[in-house]
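All chains are named by letter (A, B, ...) in the order of the sequence lines, taking the proteins before the strands, and each is independently numbered beginning at 1.
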Amino acid sequence: MVTSIEVDNVSKTFSRHYTRTLQQIMVAKAKRKKTRDTFDALKDVSFTVEQGEAIGLMGLNGSGKSTLLKCIMGVMRPDEGTVRVRGRASGLIATGAGFHPQMTGTENIYMNAAILGMTAAETEAKFDDIAAFADVGEFLDTPVGNYSSGMFSRLGFAVAVNVDCDIFIADEVLAVGDQPFKKKCMKKMEEVRDSGVTLFYVSHSAGSVRKMCERVIVLEKGEVGFDGKAGAGIRYLKYDEDEDNDSANANDI
Amino acid sequence: MTTTVPPRHDLAHEPLRDPGDTGGLHRVLSHRYLLRLMVRREIKARYVGSKFGLAWSYINPTVRFFTFYFVFGIILQRGNIPHFAIHLFAGMVIVHFFTESFNAGTRSIMANKAVVSKMPVPREMFPVASMLVSLYHTGPQLVVLVIACLATGSFAPDLVGLGAAVLAFVIVLLLGTAMGVMFSAINVLFRDLTRIVQTLTQMLPFSVPMMYPYTLVADRFREFPTLHHLYLFNPLTECVLLIQRAFWWTTIGPSEVADANRDGPVFNPDVAANFPDHLWQRSFAMLGFALLFLLFAQWVFRRLDDRIPERL
Ligand SMILES: Nc1ncnc2c1ncn2[C@@H]1O[C@H](COP(=O)(O)OP(=O)(O)O)[C@@H](O)[C@H]1O
Ligand SMILES: [Mg+2]
């Protein structure tokens, strides 16, 4: 087994800007109020992920999940500690990033794929898969500004799930889209997982985490509250109480 | 699946790396494909949905040229200087390239928020792409400029002029990139500073010898050599003079010289009067300065880069 991700004592602090204009800063200074206020989004987070593991990242809103994933993606850098990864990270995190409303679906596929790190040859090889997954028919040659919002997000998803990567990250993005499309996405993600890609899956749904992941990491106010087997993690979060509710929407994500 | 790309999942031989270590101008070069797509998208997006399309990039500078010709050549009678419209327009092309690279570069990271806050690309990419788009739009302006030169009937381009034009463009390219890179980051973190500098750049067209001839500057500053030096310390002054050496000076034939109103305050058909001493030495010094400034801009960018995604 090869280490895929190594997160070592990572902390990330944001400053909250209470005071914005120069005038406000002056007033605050004069009144001896704090002009800066910091906030720890991640506190001393450490864990290691082996290649091919599927991890459910759970925790309340604001517990630092997206921040942690951004550090793993390399978008943000931790203030303390180190993150090391092997291979290319991508996934359902930048769906539709770089889409230009006046460019056609095809042009946007190439653009978005390039942003996600694919070369022209890779995109060409995957193009039919992407087009089939997006399922927008002849709209592929019309500007995406004319797409319905469903088509727009399908196209973004289609590119993202077809990126050839080593670490696949899905951050609460399946909230949009209709049921059949969600199912299709889940199936595709299972395929990705089974192909040996490391999977990081953020979700509040115990059912889908149980289905997708063998390991769960729970963040609590920026700290790792739990790291272990999926079932135990879900029990730790006491999400099991909602299980009835969950199985009612077993396909929900 | 019909994948011709080999699978990437044999990672045993790949090292662990820092995912956030993505920045640097040198890395922009290794993302040439994405850069090309971004530049192409910007160029296409500008005229998309307009019937004339790319023709607009010829129409706009043509209209501008005729405005200059009309206002300065006919109404204001700057007739003292032969082909004053070309004198002005040539300078405009190069100043425009600079201000466009700077302004579009400054906005570039904010404009690409969606990408910047989600994907780890070298963020210098965005101002560099803006500069390349500006460079592309300079093409049609140069075409209009050359047509105007040819229309004078006395255009005699020479190799020295060509070299001067190339040097001017290289200097402005470096300076425009540097300003774009530096201020794309500054614009995210200290927005007021951008405002201040952009206000200053509005003075730029007046601070270079294009709306007035260099001879006038040399004349007025004769008593104040320090001011004269300061004036020439602006690298864009050299660039404007170089571009005028390439396009305007070469349209001045014997008949223009003969017609020159020697009593007039400004035009003297002597090279030495129309260009400062050591123009070439000065220009190469500016080239060196531009290179150093680009390195400085990259250094500033690196220092601010890590804070960009969280402040968008
Ligand atoms: N760019 C930022 N600037 C300031 N605070 C931020 C920024 N991004 C996130 N935060 C704060 O950090 C905390 C964690 O955010 P996030 O990682 O998005 O949580 P989650 O994804 O678990 O809901 C939140 O309280 C949020 O307000
Ligand atoms: Mg989140």
Contact winner vs chain A - I308(B), D306(B), N112(B), heavy-atom pairs under 4.5 Å: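 That would be D306(B).
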So E310(B) and K70(A), salt bridge (Lys or Arg N to Asp or Glu O under 4.0 Å) or not? Walk me through it. CA-CA 10 Å; E310(B) 64 205 57; K70(A) 280 182 180 173; over 6 Å; no
What part of V121(B) is in contact with chain A, defined as an atom under 4.5 angstrom from a non-hydrogen atom: side chain, backbone, both or neither?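 Contact with chain A is through the side chain of V121(B) alone.
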Residue R307(B) versus chain A: region with a heavy atom under 4.5 Å: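 Interface part for R307(B): side chain.
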Who in residues 15-23 of chain B is close to chain A, using a strict under-4.5 Å heavy-atom cut-off?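 At a heavy-atom separation under 4.5 Å, chain A is reached by P15(B), L16(B), R17(B), D18(B), P19(B), G20(B), D21(B).
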Residue by residue, which of residues 33-44 of chain B have a heavy atom closer than 4.5 Å to a heavy atom belonging to chain A?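 Expected list: Y33(B), L34(B), L37(B), M38(B), R41(B), K44(B).
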Once rounded to the nearest 0.5 Å, what's the spacing between atom OG of S4(A) and atom CD of E14(B)?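 With rounding to 0.5 Å, OG (S4(A)) is 10.5 Å from CD (E14(B)).
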Let me confirm one number: the CZ-OG1 distance from R32(B) to T119(A), rounded to the nearest 0.5 Å.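 OG1 of T119(A) is found 13.0 Å from CZ of R32(B).
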Just wondering, are more than 12 heavy atoms of other shown residues or ligands nearer than 6.0 Å to [atom1] in [X]?
X	atom1	value
F139(A)	CZ	no
F66(B)	CZ	no
Y136(B)	OH	no
H13(B)	NE2	no

If you count heavy-atom pairs within less than 4.5 Å of chain B, which of M111(A), M76(A), M118(A), E107(A) leads?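 Sorted descending by pairs with chain B, the first entry is M111(A).
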Taking V83(A), T67(A), T82(A), I5(A) one by one, which has the highest count of heavy-atom pairs under 4.5 Å against chain B?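 Ranked by contacts with chain B, first place is V83(A).
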Measure distances from [X] to the heavy atoms of chain B and classify the residue's part below 4.5 Å as side chain, backbone, both or neither.
X	result
V75(A)	both
M73(A)	both
D79(A)	side chain
L69(A)	neither

Restricting to non-hydrogen atoms, name the atom on I115(A) and the atom on M119(B) that form the minimum distance, rounded to 0.1 Å.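 Closest approach of I115(A) to M119(B): O-CE, 3.4 Å.
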